[in-house]
Undergrad: 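I'd like to ask some things about the structure below.
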Amino acid sequence: MLKSMKQKFGASATTKRDGGTSKSKDEGPTTASLLGARSGIGSSAKTSGNRAASYTRTKPPLPALTEANMQAHYAEPLPSFRDVSAAEKQQLLVQKLHVCAFNFDFSDPSKHAREKEIKRQTMLELVDYANTGSGKFTESVSEDIVFMIGSNLFRSLPPPRSHEQDNPDAEEEEPNLDPSWPHLQIVYEFLLRYVVSNDTDAKVAKKYIDQTFVLRLLELFDSEDPRERDYLKTILHRIYGKFMVHRPFIRKAINNVFYGFIFETEHHNGIAELLEILGSIINGFALPLKEEHRLFLQRALLPLHKPKCIVMYHQQLAYCVTQFVEKDSRLAEPVLRQLLKFWPLTNSQKEVLFLGEVEEILELTQAPEFQAVMVPLFKQLARCLSSQHFQVAERSLFLWNNEYIVNLVAQQRHVLLPIVLPALEENTASHWNPAVHGLTMNVRKMFQELDEQLYEDVRRKHEAELAQRRSVLEARDRNWAVLHKLAVQRAPKGLGVDPSLPRYLIQSSDPFSGMA
């Protein structure tokens, strides 16, 4: 990745002696004196003769991020790590971190062009330095590292596009890409190297990568730039793995993001990435599951099936839910009941997604849990079987291609066939889609081969119910015909009865006589 970054961002950050960033003895000040001059910026006044010596003993304070201070820091470029001794590298690291802490307006490429290039080269050099040797990330520089990272990353995100929530094709729109990403990417890469480095002691770094730092990282997940969210996903996952003290807090903070999304805004760009992190976390949960984890499933994950934009993150959500059921099959019943509770009534695309998730859960469901939830579940599946939206009907019929589900149904066929058969007969008789009609015939044939006598008994009972229903309708029509006839005979003067409609029509020469 680093090699590709160097190719993308230009020449290597390592500056050569004859390249102009460092000066020879005849051309100007020495490396030590240049470092000494840098260390005095923004601090109390010192004599120029003592600056180089004091630099190796004291760390410069964090700079004030002002325009004047920026001009002072970028007045002359810093030397390369190769140009200083090992004893001076830590102090040079701090200086470079301070230089990179200043921000620029990337919406205007012509503004601060020189400073932007110096910062880019310096950041690439920091990433190079993070990959070399050991002992580079000591406790003394942790504060400066987090200061630089925070000043670059923690910013206000642009407001979301207001039309996205109601736009069914929102996921196909081009995202708003951050113009400062070429610089932000290097900052994210440096943060990732810092977190995963063996030199970073979690017990020490937790003072700087604290709960506030985690919360501000979570805020950035709402960025519209998918490249930024991908880096954030990797970094937060690494922080969760390394900083064990933060694990409960990270889970709780993600829960709060979900609560705000579900019950308040229904808009967030990073739900899919957060669910990817949780999928890996859930996979590592020990058995038996803690009550905290069960409540997380019930209160945070399952309500995520409610928002309209579920298509944006359903794949990751289904993986998290099935991870829970795989760890504890007893959770299949409450999960399926919650899915039935949130089942869409008018959104066919969501229905197709729900049917796919139901199949994944049923594959992990044991017989006792299946028996507890099968009646309401198959009533809903029967409604899907006879849906006029061919994708919904087709996806529900595909469930019978799953051998495990067929075995569960076969064990409870005396209960389930009377629920499903009316929908199958209706599809056979009148469904408009040929593919659905063919799949329905296959399912009918499967039930007949499974238990032909039961199928015939249920079919005859269904036909008897249909005949009784027709007789009730015919009796109602006959009664209505009698009432219609009496209405015609007894209609008051000035009123006529429409021979085809069961309503009175005003017959009058006055066009306003019927107005109240």
Side-chain angles (χ1 to χ4, degrees), residues 218 221 233 236-237 239-241 244 246-263 268 270-307 309-344 350-378 380-381 395 399 402 404-405 407-408:
L218 284 172
F221 272 87
K233 174 186 67 178
L236 185 60
H237 192 196
I239 291 175
Y240 185 90
M244 298 183 66
H246 290 333
R247 288 185 178 183
F249 177 79
I250 291 175
R251 293 197 299 268
K252 184 178 179 180
I254 294 177
N255 283 4
N256 292 335
V257 173
F258 289 164
Y259 294 151
F261 169 69
I262 297 166
F263 302 110
H268 196 284
I271 298 299
E273 287 78 10
L274 291 173
L275 286 170
E276 282 191 51
I277 297 172
L278 287 173
S280 179
I281 293 174
I282 295 167
N283 192 36
F285 282 168
L287 295 176
L289 291 173
K290 297 179 181 179
E291 184 64 20
E292 170 201 350
H293 301 153
R294 294 174 180 271
L295 290 176
F296 164 67
L297 169 67
Q298 177 185 352
R299 297 178 180 178
L301 283 186
L302 292 177
L304 283 172
H305 290 85
K306 183 179 179 181
C309 57
I310 186 176
V311 66
M312 306 290 287
Y313 56 83
H314 181 263
Q315 181 180 357
Q316 294 84 359
L317 175 61
Y319 177 76
C320 290
V321 173
T322 53
Q323 284 286 305
F324 271 104
V325 179
E326 187 174 2
K327 286 186 172 293
D328 188 351
S329 61
R330 293 174 297 178
L331 293 173
E333 179 191 353
V335 166
L336 288 171
R337 290 189 182 278
Q338 283 287 85
L339 284 179
L340 293 175
K341 176 182 177 181
F342 296 118
W343 200 277
K350 280 184 69 173
E351 276 196 279
V352 173
L353 295 176
F354 274 47
L355 288 166
E357 188 172 354
V358 164
E359 180 176 5
E360 293 181 13
I361 296 172
L362 286 177
E363 288 178 342
L364 303 170
T365 304
Q366 302 300 316
E369 287 74 31
F370 178 76
Q371 188 174 358
V373 76
M374 63 182 181
V375 173
L377 175 61
F378 275 78
Q380 180 60 57
L381 292 179
R395 187 64 186 85
L399 293 176
N402 190 303
Y404 183 78
I405 295 177
N407 289 334
L408 291 175

Undergrad: Do Leu304 and Ile310 have side chains that get closer than 4.5 Å, going by heavy atoms?
TA: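 Not touching, per the 4.5 Å side-chain cut-off.
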Undergrad: Are the side chains of Arg299 and Phe258 in contact, using a 4.5 Å heavy-atom criterion?
TA: no
Undergrad: Are side-chain heavy atoms of Leu362 and Leu336 found at a separation under 4.5 Å?
TA: yes
Undergrad: Please list, chain by chain and in numerical order, all residues satisfying salt bridge (charged side-chain N to carboxylate O under 4.0 Å, His left out) with Glu292, sequence neighbours excluded.
TA: Arg251
Undergrad: In the structure I gave you, are the side-chain heavy atoms of Leu218 and Leu274 within less than 4.5 Å of one another anywhere?
TA: yes
Undergrad: Would you say Arg395 and Glu359 make side-chain contact, with heavy atoms under 4.5 Å?
TA: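 Side chain of Arg395 against side chain of Glu359, heavy atoms only: contact under 4.5 Å found.
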Undergrad: Do Ile282 and Leu301 have side chains that approach each other closer than 4.5 Å (heavy atoms only, starting at C-beta)?
TA: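 Yes, side chains in contact.
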Undergrad: Whether the side chain of Lys350 engages the backbone of Lys306 through a donor-acceptor N/O pair (distance < 3.5 Å, no angle test) should be reported.
TA: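 Judged by distance alone, yes, a pair lies under 3.5 Å.
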Undergrad: Enumerate donor-acceptor pairs with a distance under 3.5 Å from any side-chain N or O in residues 364-378 to protein atoms, sequence neighbours excluded.
TA:
residue : atom : partner : partner atom : Å
Thr365  : OG1  : Ile361  : O            : 2.7

Undergrad: Rounded to the nearest 0.5 Å, how far does CG of Leu408 lie from CG of Asn402?
TA: 9.0 Å
Undergrad: With sequence neighbours left out, what residues match His268 under ring-ring contact (aromatic ring centres under 6.0 Å, His included)?
TA: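 His268 satisfies ring-ring contact (aromatic ring centres under 6.0 Å, His included) with no other residue.
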Undergrad: Calculate, to the nearest 0.5 Å, the distance between atoms CD1 and CZ belonging to Ile271 and Phe221 respectively.
TA: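 The CD1 atom of Ile271 sits 10.0 Å away from the CZ atom of Phe221.
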Undergrad: Can you name the side chain to side chain contact (heavy atoms under 4.5 Å, CB included) partners of Arg294, sequence neighbours left out?
TA: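 Arg294: side chain to side chain contact (heavy atoms under 4.5 Å, CB included) contacts with Leu289, Glu291, Asp328, Arg330, Leu331.
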Undergrad: To the nearest 0.5 Å, what is the distance between CG (Leu278) and NE2 (His237)?
TA: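 Result: 9.5 Å between the selected atoms.
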Undergrad: Atom NZ of Lys233 and atom CG of Leu275: how far apart are they, to the nearest 0.5 Å?
TA: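 Answer for the NZ-CG pair, Lys233 versus Leu275, is 11.5 Å.
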Undergrad: In the structure I gave you, are the side-chain heavy atoms of Val321 and Leu339 within less than 4.5 Å of one another anywhere?
TA: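 Heavy-atom side-chain distance check fails, nothing below 4.5 Å.
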Undergrad: Which heavy-atom pair separates Ala332 from Val325 by the least distance, and what is that distance?
TA: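 Where Ala332 meets Val325 most closely, the heavy atoms are CB-CG1, 4.0 Å.
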Undergrad: Could you state the interatomic distance from CD (Glu326) to CD (Glu363), rounded to the nearest 0.5 Å?
TA: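 It is 10.5 Å, given to the nearest 0.5 Å.
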Undergrad: Step through the shown structure and confirm whether more than 12 heavy atoms of other residues, nucleotides or ligands are within 6.0 Å of CZ on Arg337.
TA: yes
Undergrad: For Lys327, give me all partners under salt bridge (charged side-chain N to carboxylate O under 4.0 Å, His left out), at least two apart in sequence or on another chain.
TA: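 Salt bridge (charged side-chain N to carboxylate O under 4.0 Å, His left out) list for Lys327, sorted by chain: empty.
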Undergrad: Can you give me the closest heavy-atom contact between Val311 and Leu353, atom names plus distance?
TA: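 Taking every non-hydrogen atom into account, CA-CD1, 4.0 Å.
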Undergrad: Assign the ring pair Phe261 / Tyr313 to parallel, tilted or perpendicular, where the plane angle (0 to 90°) is split at 30° and 60°.
TA: perpendicular
Undergrad: Supply the atom-to-atom distance Ser280 OG to Gln323 CD, rounded to the nearest 0.5 angstrom.
TA: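 Ser280 atom OG to Gln323 atom CD measures 9.0 Å (nearest 0.5 Å).
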Undergrad: Does CD in Glu360 sit with more than 12 non-hydrogen atoms of other residues, nucleotides or ligands closer than 6.0 Å?
TA: yes
Undergrad: Go through it in stages, so that I can follow the logic: the residues are Gln298 and Leu295, the test is side chain to side chain contact (heavy atoms under 4.5 Å, CB included), and I'd like the CA-CA distance, side-chain angles, deciding distance and then a yes or no.
TA: CA-CA 5 Å; Gln298 177 185 352; Leu295 290 176; 4.1 Å; yes
Undergrad: If I compare all heavy atoms of Phe342 with all of Phe354, which pair ends up nearest, and what's the gap?
TA: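 Where Phe342 meets Phe354 most closely, the heavy atoms are O-CE2, 3.5 Å.
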Undergrad: Answer yes if the side chains of Glu357 and His305 hold a donor-acceptor pair under 3.5 Å, and no otherwise.
TA: yes
Undergrad: Only counting residues at least two apart or in another chain, list the ones meeting side chain to side chain contact (heavy atoms under 4.5 Å, CB included) with Gln380.
TA: Leu340, Trp343, Glu351, Arg383, Cys384
